[in-house]
Enquirer: 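Before I ask anything, here is the structure I am working with.
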Amino acid sequence: GDWSSDVCSSDLKEAVGGASDVFTLARQAEQVLRTKMPHLSAAYYELDAGRWTARVWSDDLPPKLAAAVQAGVPADTLNFAQAHDTQAEVFVDGWDAAANHLPGASEFGAAAFLPLVVGGQVRSVFAAGTQQSPRWSEREKALIRAVTRGLQVTLERTEHLRQLEEERAALDAFVQFAEASSHVADPQELAERATAVLSTTLDVHASFLTLQGQQWVGQVFSESVGAD
């Protein structure tokens, strides 16, 4: 691959190491980008309650702009929505900050919005900008793509590990229930043991209901679920 892909992939792997916190990973991606090209600014956004909200941003942003990206912009904001809906990178020359609800970012001549897709869904967007020129160079684009690709792969791996942990916990719960219930025949006692195992091993709320006439009536509840 090109120099930037090779360099950034190895740099990001080294920086990320065993980190699993998403914001830590995003911070490291931003730092790798700015180490290679200090004139670039970057931010990591998540879609939260209908707004693209910055969770991580480079420390070169002026205080007012940093406050604005933390407050977020509406979900349908032009370039964010393009990246989200197409699940494809959006590099904009002659970027219009006001049209993206960020008038305080008018100093940026070019901007980029790269969606991070995990499990087939866009969970977040990695954005970058430059104040040096109204046009992206191919070298800058390659670097931003490489950093985002490294972050994407790491987020996918983190999600995969989380799913494996959930599956392992579910299997442990089943094994515990099977061992504890091998000699139990009473349905009520079986239900009590099942809800207890579920609530302790999977940290979920559980209840056991029986149909009485036309109504489902709760018989057994985990401790975190009230009988009402």
Side-chain angles (χ1 to χ4, degrees), residues 1 4-33 42-58 69-92 100-101 111-129 141-175 197-206 222 224:
S4 58
S5 295
D6 295 339
V7 169
C8 280
S9 293
S10 60
D11 282 0
L12 199 55
K13 282 176 187 171
E14 185 177 334
V16 165
S20 60
D21 174 67
V22 172
F23 299 158
T24 301
L25 299 176
R27 168 66 66 195
Q28 289 163 338
E30 174 263 322
Q31 289 173 344
V32 168
L33 180 71
Y44 170 84
Y45 292 84
E46 289 186 340
L47 193 56
D48 179 26
R51 296 182 74 79
W52 288 105
T53 307
R55 307 298 195 193
V56 172
W57 55 93
S58 48
V69 299
Q70 288 177 76
V73 297
D76 62 355
T77 297
L78 183 61
N79 298 139
F80 288 91
Q82 284 179 306
H84 176 272
D85 296 346
T86 63
Q87 296 197 0
E89 63 185 36
V90 177
F91 281 92
V92 186
N100 283 274
H101 300 288
F113 303 82
L114 290 86
L116 293 153
V117 185
V118 178
Q121 292 184 320
V122 177
R123 307 281 184 87
S124 48
V125 166
F126 189 74
K141 284 184 179 179
L143 178 69
I144 294 166
R145 286 188 185 112
V147 168
T148 307
R149 194 179 308 125
L151 180 57
Q152 167 89 43
V153 168
T154 310
L155 290 177
E156 286 173 347
R157 186 182 67 189
T158 301
E159 175 67 11
H160 180 62
L161 291 174
R162 187 190 65 77
Q163 290 176 350
L164 284 178
E165 287 175 4
E166 285 186 357
E167 290 170 7
R168 193 174 296 120
L171 182 59
D172 288 345
F174 177 75
V175 170
V197 167
L198 284 170
S199 61
T200 54
T201 57
L202 294 183
D203 191 27
V204 296
H205 308 310
S222 55
S224 56

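Residue numbers run from 1 in the order of the sequence given. Small disclaimer: the values here were computed from a predicted structure and weren't measured.
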Enquirer: Find the distance between CZ (Arg149) and OG1 (Thr154) and round it off to the nearest 0.5 Å.
Expert: 12.0 Å
Enquirer: One thing to verify: whether Arg27 and Glu30 come together as a salt bridge, which I'm taking to mean a side-chain N less than 4.0 angstrom from a carboxylate O.
Expert: yes
Enquirer: Return the minimal non-hydrogen interatomic distance between Val56 and Ala26, and the atom names on each side.
Expert: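 Between these two residues, the closest heavy atoms are CG2-CB, 4.1 Å.
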Enquirer: Shortest non-hydrogen contact from His101 to Pro74?
Expert: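 Between these two residues, the closest heavy atoms are CD2-CD, 3.8 Å.
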Enquirer: Which heavy atom of Ala29 sits nearest a heavy atom of Val147, and at what distance?
Expert: O-CG1, 3.3 Å
Enquirer: Check whether any side-chain heavy atom of Tyr45 sits under 4.5 Å from a side-chain heavy atom of His84, and report yes or no.
Expert: no
Enquirer: According to side-chain hydrogen bond (donor to acceptor under 3.5 Å, both in side chains), who are the partners of Tyr44, at least two apart in sequence or on a separate chain?
Expert: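 So Tyr44 forms a side-chain hydrogen bond (donor to acceptor under 3.5 Å, both in side chains) with Glu46, Ser124.
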Enquirer: Is the backbone N or O of Asn100 less than 3.5 Å from a side-chain atom of Thr77, with the two atoms forming a donor-acceptor pair by type?
Expert: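 A pair under 3.5 Å: no.
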Enquirer: By ring-ring contact (aromatic ring centres under 6.0 Å, His included), which residues pair with Phe126, not counting sequence neighbours?
Expert: none
Enquirer: Can you check whether Arg168 reaches Leu171 side chain to side chain, under 4.5 Å on heavy atoms?
Expert: no
Enquirer: Please report the shortest heavy-atom distance between Val22 and Leu155, naming the atom on each side.
Expert: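 Heavy-atom minimum between the residues: CG1-CD2, 3.9 Å.
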Enquirer: Mind listing the closest non-hydrogen atom pair of Val125 and Pro115 along with its distance?
Expert: CG2-CA, 4.2 Å
Enquirer: State which residues pass side-chain hydrogen bond (donor to acceptor under 3.5 Å, both in side chains) with Asp48; sequence neighbours excluded, sorted by chain then number.
Expert: Arg55
Enquirer: At what distance, to the nearest 0.5 angstrom, does CG of Asp21 lie from CD of Gln28?
Expert: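 With rounding to 0.5 Å, CG (Asp21) is 9.0 Å from CD (Gln28).
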Enquirer: Say whether, by atom type as modelled, one donor and one acceptor occur between the side chain of Trp52 and the main chain of Leu47 under 3.5 angstrom.
Expert: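 Between the backbone of Leu47 and the side chain of Trp52 there is no qualifying donor-acceptor contact (under 3.5 Å).
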Enquirer: Check Ala81 against Ala75 and note the closest heavy-atom contact, atom names and distance.
Expert: CB-O, 3.9 Å
Enquirer: Check for a donor-acceptor pair, side chain of Arg123 on one end and backbone N or O of Leu116 on the other, with a separation under 3.5 Å.
Expert: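 Judged by distance alone, no pair lies under 3.5 Å.
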Enquirer: Using side-chain contact (heavy atoms from CB on, under 4.5 Å) as the criterion, list what pairs up with Val153, not counting sequence neighbours.
Expert: none
Enquirer: Which residues pass the side-chain hydrogen bond (donor to acceptor under 3.5 Å, both in side chains) test with Glu156, not counting sequence neighbours?
Expert: Gln152
Enquirer: Check side-chain contact (heavy atoms from CB on, under 4.5 Å) between Val90 and all other residues, then give those that pass, not counting sequence neighbours.
Expert: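 With sequence neighbours excluded, Val90 shows a side-chain contact (heavy atoms from CB on, under 4.5 Å) to Asn79, Gln82, Ala83, Val92, Phe113, given in chain and number order.
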